[in-house]
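Take a look at the structure set out below.
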Amino acid sequence: MKISPKYNASEIESKWYDYWMKNNYFHSEVDEREPYTIVIPPPNVTGVLHMGHMLNNTIQDVLIRRARLLGKNACWVPGTDHASIATEAKVVAKLKEEGINKNDLTREEFLNHAFEWKDKYGGIILEQLKKLGASCDWERTKFTMDDDMSEAVIKVFVDLYNKGLIYRGFRMVNWDPEAKTTLSDEEVIYEERQGNLYYLEYDIVGSDEKVTIATTRPETILGDSAICINPEDERFTHLKGKKAIVPLCNREIPIIEDSYVDVEFGTGCLKVTPAHDENDKVLGDKHNLEVIDIFNEDASLNSFGLHYEGKDRFVVRKEIAKELEEKGYLVKVEQHTNKVGTSERTKAVIEPRLSDQWFLKMEDLAKPAIEGVLGEDRDVKLYPRKFENTYRHWMENIRDWNISRQLWWGQQIPAFYYGDGKEDFVVAETKEKALELAKEKTSNANLQTSDLRQDPDVLDTWFSSWLWPMSVFDGIRNPENEEINYYYPTNDLVTGPDILFFWVARMIISGYEYKDTRPFENVYLTGLVRDKQRRKMSKSLGNSPDALKLIEEYGADGVRVGLLLSSAAGNDLLFDEALCQQGKGLGNKVWSAFYLTSIWEVSEEIEQPEHSKIAIDWYKTKLQKTLAEIEDHYSKYRLSDVIMSIYKLINDDFCGWLLEAVKPAYQQPIDKKTYDEVIAIFEDNLKVLHPFMPFITEEIWQLISERTAEEALIIAKYPAINEVKDSSIIEEFDFATSIISGIRTIRKEKNIAFKEVIELYVVNNENSTKSFDSIIKKLVNISEINYVQEKVDGASFRVKSNEYFVPISADSINVEEEIKKITEELNYTEGFLKSVQKKLSNERFVNNAPEQVVANEKKKEADALAKIETLKASLASLE
RNA sequence: GGGCGAAUAGCUCAGUUGGUUCAGAGCACUUGGUUUACACCCAAGGGGUCGGGGGUUCGAAUCCCUCUUCGCCCA
């Protein structure tokens, strides 16, 4: 068959993806083989592919394809996440564009719009993953709001409630005034903001004294319920037991004492606003203070805001500062930098707010998950291990999880209210069951479903995704079904460290709670993808390359290799398109090597030449050694080292040395034995490379010979890995390459063209093997290698104590230069010898160092001595 | 403010129990090379006080102390 000398990625990639799909290689069914399972971290249903996904999913695909080649039953479950806040925000924005206000819609109408949106844009990202080559089992695609998935979520909620782990609490929560919802602590991003520190004077009741406090939020004085001083602080002793008057609203508030107050900060005197600050809330509870909430749900002021009622908090901050100044309460204003919590989704400044929420008690649930990861047997292993510390810190300080969200998009909380009392509700999977429970609880047999009002809030998205590894196999609803028993626990999880707590830790918690086992064995935490300036890639910066364009330009194979080349687990990846170029370069290299073999004419007539036989023997050993190395890297999840090893194997060893060694002269045929062996070796290389570059390897595999569907590369058998017992051939080969390098250097220095045949003379002090002579002769165009006892006139170089000579015409020999070169080498070697001997003459070294180390130093000494002999002899003959 | 981690070549990073991987890889750079598979190529080469200082040791990139700078998480 005629092979094109150039490789065209885009045509070939879609061809093979279709072929794999058609033959159903990605699909997995329960069978007798060992399973290998990965569940995808479900991307947001409305998301588009970005660099982080590309990295993530390439890693997963490498692991899955490798498992497939190793003969395991590989199952990669794809899917998407309903991402309640993000998706609802997008739908609200889209409706707004159409002139529709969410508040004018019923819940049902809104959800119809949302599902319409989801059906239209949902899953685009999964289509994009196909372009990358992701070999997911698409028949298993799940969505966190599929009916069965939602059922599982509700079932778990009810179960946890019945176990007494879910409770309703009036708590300080993070309130997003723009989305009008609570956020979990993890969804709040703290940003450093430049603000002001306002120093305000409060009058003291019944005296002319005043007290000055410092605050960053003057608008909250209207919610003040105390002034707090440190009991140790002598500056304020005189205020103990007195009362202060809040400016503007003229309310009297007590002056309390608590050691919580930092005497160094501000004036050492604190105003307490329990409704609007978490620490103040704690103080308030302790000292039994009044709670005065001055905000509406959009963070504008309510009636406690006096004449500021209805105005936004930031407007009020400016205006009230002005009023306070005019009325003489404002002493001074200082510049002050503080950390402000903002919403991850809407970017709005979050407001601590007291509200009714649902919470999950975490402390006891977390215990098995702490033991699982940090216990001695490391039931769940994190890669890289440095994240164990972060995990420990979080898990040991875990707080109850606020699982309710004031949204419509998501699983509605299955709590049903039948009255106005705080405890007038029941929790059940369906309204019918709820009615029964409510009848029981109230002893009112006349209750109707219409008397029940379901809690309007939905559950936090993570409350559905924490079940993901179980629920995709229906393990919650049917805990003993065949699939969950076969595929669960899954093997590897690949995700970013930014969701170690949001998601990974919670899956581990739910796994131990509901299956009494880990959800996965290994967690590979990838780094974040950053640009060359180390900035996080983001839409707003516009520094994220278009993923699909990259694939178009470099091919999916090239992009995959490019991404993995520089991404050690847990390290951020500084993305540079040049890496994709390197990936594409490897593809070209492989293709071009294949093209070379395709144009050879094969002859059964000729014998296998010596140089081919040796080169093939060497490569086979080298391959075994590299396979073992690769195995080791895989076991440590060091994929960038795996691809680097493969890169060097193919680029340097296979193309650079083996093919050069066996390549017949121009337009000469190659012997059949060598050809067959080279092709077999090529096939092994393709198998090793396949997980990283699935497309080009399958293409070449199928071009090498006609294959049936059962013989496709994607399901081929990975090369056997045998222990290398004798690696002397590799050492001998390395010695030969040093000789080849030496000759190349001489050719370059002396301007001897490659096509000019030269002779080589050797003084073989090392008594090194001659078996590589044929290869040396071929690779550096030498007519004859002559073994001699004495130095020969010409250019020279040394490998260990061996000396090599290339005779050249007398006028191009510069004796002085030769002497200088040899003298330098001699000086260096003598210096080296001296340091070695110094070590060896140190009694404490010889007595304390391990035998192996001492023996090695002795060998270094002997080698150096031999080399010095050679160099001195050379010098003597030149002078 | 609390916790965790990092600093090695121009860049990105390896370097496991202190000595056989001990100063390394890839990229970038410099120089030379194309009738012979690949210029998306090949070859040769330069380049680092292992962040600073101190200590332990026969021996330190590696262990300890300290300082500096940076990153991440949490409050």
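Throughout, a chain's letter reflects where its sequence line sits, starting with A, and its residues are numbered from 1.
- Between A:Trp462 and A:Trp503, the two ring planes are tilted [angle within 30° to 60°].
- Aromatic ring orientation, A:Tyr637 versus A:Tyr383: tilted (interplanar angle from 30° to 60°).
- The gap from the C1' atom of B:A28 to that of B:U35 amounts to 32 Å, rounded to the nearest Å.
- Side-chain proximity of A:Arg744 to the nucleotides B:G45, B:C4, B:A43 is greatest for B:A43.
- Here the C1' atom of nucleotide B:C4 and the CZ atom of A:Arg385 are 15 Å apart, to the nearest Å.
- Closest contact between the side chain of A:Gln582 and the listed nucleotides B:C38, B:G26, B:C73 involves B:G26.
- Salt-bridge annotation for A:Glu577 and A:Lys549: absent, with no side-chain N of the basic residue lying under 4.0 Å from a carboxylate O of the acidic one.
- Taking atom P on both nucleotides, B:A23 is separated from B:A61 by 9 Å, rounded to a whole Å.
- Between A:Ile509 and A:Met362, some side-chain heavy-atom pair lies under the 4.5 Å cut-off.
- Nearest nucleotide to the A:Lys589 side chain, out of B:C42, B:G5, B:G26: B:C42.
- Proximity of A:Tyr647 to the phosphate of B:C27: a side-chain N or O atom is located under 4.0 Å from OP1 or OP2.
- Using cut-offs of 30° and 60° on the angle between ring planes, the pair A:Trp591 and A:Tyr7 is tilted.
- Taking every heavy atom of both residues into account, A:Asn781 and A:Lys755 meet most closely at ND2-O, 3.3 Å.
- Regarding A:Asp498, its CG atom lies at a distance of 8 Å from the P atom of B:C73, rounded to whole Å.
- Taking atom C1' in both B:G59 and B:G55, the straight-line distance is 15 Å, to the nearest Å.
- Against the 90° criterion about 0, the sugar-base torsion of B:U20 places it in the syn range.
- The nearest whole Å value for the distance from the CG atom in A:Asn8 to the P atom in B:C38 is 18 Å.
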* Asked: Which dot-bracket string describes RNA chain B (Watson-Crick N1-N3 plus N6-O4 or O6-N4, or G-U N1-O2 and O6-N3, all under 3.5 Å; [ ] crossing; | other strand)?
  -> (((((((..((((.....[....)))).(((((.......))))).....(((((..]....)))))))))))).
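- When the P atom of B:C27 is taken as reference, atom CD of A:Glu577 falls 18 Å away, rounded to whole Å.
- The shortest side-chain heavy-atom distance between A:Trp657 and A:Ile740 falls under the 4.5 Å cut-off.
- Annotation: B:U20 and B:A37 have their P atoms spaced 43 Å apart (nearest Å).
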Close N/O contacts between protein and nucleotides 29-34 of chain B (under 3.5 Å):
residue, atom, partner, partner atom, Å
B:U31, O2, A:Lys748, NZ, 2.7

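- The two residues A:Ile670 and A:Val662 make their nearest non-hydrogen contact at CD1-O, 3.9 Å.
- Results of the side-chain contact (heavy atoms from CB on, under 4.5 Å) test with A:Val590 over A:Thr697, A:Asn685, A:Asp557, A:Ile700 single out A:Ile700 as the only residue that passes.
- Look at the C1' atom in both B:C67 and B:U30: the space between them is 39 Å, to the nearest Å.
- The aromatic rings of A:Tyr675 and A:Trp600 lie perpendicular to each other, with more than 60° between the two planes, well past the 30° mark.
- A distance of about 11 Å separates the C1' atoms of B:U56 and B:G18, rounded to the whole Å.
- For A:Thr597, no side-chain nitrogen or oxygen approaches OP1 or OP2 of B:A37 to under 4.0 Å.
- For the OP1/OP2 pair of B:U20 and a distance below 4.0 Å, the side-chain nitrogens and oxygens of A:Lys858 include no atom meeting the criterion.
- Atom P of nucleotide B:C42 and atom CG of A:Leu586 are separated by 11 Å, given to the nearest angstrom.
- Residue A:Ala578 is out of contact with every strand shown, counting any heavy-atom pair closer than 4.0 Å.
- Scanning residues 655-667 of chain A for heavy-atom distances under 4.0 Å to RNA chain B yields A:Cys655, A:Glu660, A:Lys663, A:Tyr666.
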Protein N or O to nucleotides 15-18 of chain B N or O, pairs below 3.5 Å:
residue, atom, partner, partner atom, Å
B:G15, OP1, A:Arg638, NH1, 3.1

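- Where A:His393 and A:Asn651 each meet RNA chain B at their nearest nucleotide, the meeting point lying more 5' is that of A:His393.
- Salt-bridge formation is not detected for the pair A:Glu861/A:Lys858: no Lys NZ or Arg NE/NH1/NH2 atom is positioned less than 4.0 Å from an Asp or Glu carboxylate oxygen.
- Atom P of nucleotide B:A75 and atom CG of A:Asp277 are separated by 13 Å, given to the nearest angstrom.
- We find that CG of A:Leu525 is positioned 14 Å from C1' of B:G5, with the value rounded to whole Å.
- A:Pro609 has its side chain within reach of A:Thr674: a pair of non-hydrogen atoms, C-beta onward, lies under 4.5 Å apart.
- Evaluation of the salt bridge (charged side-chain N to carboxylate O under 4.0 Å, His left out) rule for A:Glu631 yields A:Arg66 as partners, not counting sequence neighbours.
- In this structure, the CG atom of A:Leu564 is 18 Å from the P atom of B:G26, given to the nearest Å.
- Nucleotides B:A60 and B:G53, compared at atom C1', are 15 Å apart to the nearest Å.
- Sorted pairs that involve residues 644-655 of chain A and meet salt bridge (Lys or Arg N to Asp or Glu O under 4.0 Å), not counting sequence neighbours, are lacking altogether.
- Smallest separation of non-hydrogen atoms from A:Val757 and A:Ser783: CG1-CB, 3.4 Å.
- When the C1' atom is used for both B:C63 and B:C29, the distance is 37 Å, rounded to whole Å.
- Of the candidates B:G5, B:A44, B:U35, the closest approach to any side-chain atom of A:Asn389 belongs to B:G5.
- Of all non-hydrogen atoms in A:Pro664 and A:Pro669, the two that sit nearest each other are CB-O, 3.5 Å.
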